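First up is the structure itself, then whatever we jot down about it.
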Amino acid sequence: MAATSKGLCYVGSPGKPYKEMSESVSRRYPRHEWEQNDEAVQPYMLQLKQYIDGERRDFTIPFDLGGTPFQSAVWEALQHIPYGETCSYSDIAEQIGKPSSVRAVGTAIGANPILITVPCHRVIGKNGTLTGYRGGLEMKVELLRLERKSLVAERSVQHA
């Protein structure tokens, strides 16, 4: 996990070495000097832990996404996919007013620097199949399962 003074700028994949994350962050932010500072990323880590524990659905931490205007539009659309739901790449293309840009949408989603917090795991193929994910398809499956399980548990409590 990495942050700038503006907000969270990178969430890595589980099991990936620190060196890989730092290289990726340095490419995105070449003018920044990075240092390990657990205290500075603590608020981000806390909200991510709360999400993984099923205690949080939305993130209130600031983001520093960078990106092109097109990527920013895609990443903004991702943030509006409701917790526990999915949509297709073509749905996102429609939402941003670029219905013929499905492949470019896929590329922008693949470049999402902050996994989970900008929920690209909620995007699936139009036919319902799971498609690529920087964290790996197993992680994507687990995140979708976590969200659905949390919703089912909530509905059970409401009907009790």
Side-chain angles (χ1 to χ4, degrees), residues 1-3 7-18 20-21 23-25 27-29 44-160:
M1 187 172 274
L8 184 65
C9 68
Y10 187 83
V11 173
S13 304
K16 300 290 182 181
Y18 175 80
E20 183 178 312
M21 182 205 73
E23 288 170 357
S24 181
V25 172
R27 278 192 304 273
R28 292 186 64 78
Y29 297 90
Y44 308 108
M45 291 173 48
L46 175 63
Q47 286 200 16
L48 190 59
K49 181 183 181 322
Q50 290 169 335
Y51 167 86
I52 291 168
D53 290 344
E55 301 168 0
R56 172 176 292 280
R57 292 186 179 180
D58 300 305
F59 293 91
T60 57
I61 49 179
F63 299 149
D64 183 3
L65 290 166
T68 66
F70 182 84
Q71 287 172 326
S72 296
V74 171
W75 298 337
E76 177 68 26
L78 295 177
Q79 294 175 65
H80 296 288
I81 304 170
Y83 181 90
E85 295 184 23
T86 58
C87 71
S88 70
Y89 295 89
S90 57
D91 292 335
I92 298 294
E94 290 282 341
Q95 286 177 29
I96 65 167
K98 305 275 186 185
S100 62
S101 298
V102 176
R103 284 184 183 213
V105 164
T107 300
I109 290 172
N112 171 18
I114 53 176
L115 297 181
I116 304 172
T117 53
V118 172
C120 54
H121 61 276
R122 296 180 189 154
V123 181
I124 60 174
K126 193 170 187 168
N127 62 0
T129 59
L130 294 183
T131 54
Y133 186 65
R134 179 166 53 91
L137 284 181
E138 186 176 315
M139 181 179 172
K140 185 172 190 166
V141 167
E142 288 304 314
L143 292 171
L144 293 172
R145 187 176 293 144
L146 167 77
E147 292 183 6
R148 289 192 181 119
K149 180 180 169 185
S150 178
L151 289 174
V152 167
E154 180 182 294
R155 289 181 187 129
S156 296
V157 170
Q158 290 176 348
H159 289 93

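Here the structure is a predicted model, which means the values were calculated and not measured.
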Original post:
If you measure from CD1 on I124 to OG on S88, what distance do you get to the nearest 0.5 Å?
Top reply: 7.5 Å
Subject >> Check against side chain to side chain contact (heavy atoms under 4.5 Å, CB included), Q79 and D58 >> reply: CA-CA 9 Å; Q79 294 175 65; D58 300 305; over 6 Å; no
**OP:** Please answer whether the main-chain N or O of Q50 pairs with a side-chain N or O of D53 as donor and acceptor at a distance below 3.5 Å.
**Re:** no
**OP:** Starting at CD of E76, measure out to CZ of F63 and round the result to the nearest 0.5 Å.
**Re:** 10.0 Å
Original post:
Are any of the side-chain heavy atoms of V105 and V123 separated by less than 4.5 Å?
Top reply: no
Original post:
Rounded to the nearest 0.5 Å, how far does NE2 of H121 lie from CE of M139?
Top reply: 8.5 Å
Original post:
Under 4.5 Å between any side-chain heavy atoms of I81 and I92, yes or no?
Top reply: yes
**OP:** Hey, could you give me each pair passing salt bridge (charged side-chain N to carboxylate O under 4.0 Å, His left out) that has a residue in residues 107-129? Not counting sequence neighbours.
**Re:** R122-E147
Original post:
From Y51 OH over to I116 CD1, what is the distance, rounded to the nearest 0.5 angstrom?
Top reply: 6.5 Å
Subject >> Contact summary for D64 and G7, nearest pair of heavy atoms >> reply: CB-O, 3.7 Å
**OP:** Search all heavy atoms of S72 against all heavy atoms of G67 and return the closest pair with its distance.
**Re:** OG-O, 4.1 Å
**OP:** Give a yes or no answer on whether the side chain of W75 reaches the backbone of A108 with a donor-acceptor pair at less than 3.5 Å.
**Re:** yes
Subject >> Note, L8 side chain near F59 side chain (heavy atom, < 4.5 Å) >> reply: no
**OP:** Might you work through the side chain to side chain contact (heavy atoms under 4.5 Å, CB included) test for R148 and T86, ending with a clear yes or no?
**Re:** CA-CA 11 Å; R148 289 192 181 119; T86 58; 3.5 Å; yes
**OP:** Check step by step if side chain to side chain contact (heavy atoms under 4.5 Å, CB included) holds for C120 and R134.
**Re:** CA-CA 9 Å; C120 54; R134 179 166 53 91; over 6 Å; no
Original post:
Any idea which heavy atoms bring S150 and G54 closest together, and the distance?
Top reply: OG-O, 4.0 Å
Subject >> Shortest non-hydrogen contact from A73 toward I96 >> reply: O-CG2, 3.5 Å
Subject >> Any side-chain donor near an acceptor of the partner, Y44 and T117, under 3.5 Å >> reply: no
**OP:** Could you grab the distance from atom CG of L115 to atom CG of L143, nearest 0.5 Å is fine?
**Re:** 8.5 Å
**OP:** Starting at OH of Y10, measure out to CG of L65 and round the result to the nearest 0.5 Å.
**Re:** 13.5 Å
Original post:
Can T107 and F70 be said to form a side chain to side chain contact (heavy atoms under 4.5 Å, CB included), step by step?
Top reply: CA-CA 10 Å; T107 300; F70 182 84; over 6 Å; no
**OP:** Please name the pair of heavy atoms, one in L146 and one in Y83, separated by the smallest distance, quoted to 0.1 Å.
**Re:** O-OH, 4.1 Å
Original post:
Is the CD atom of E138 crowded by more than 12 outside heavy atoms at less than 6.0 Å?
Top reply: no
Subject >> Heavy-atom pair of closest approach, residues T129 and N127 >> reply: OG1-OD1, 2.8 Å
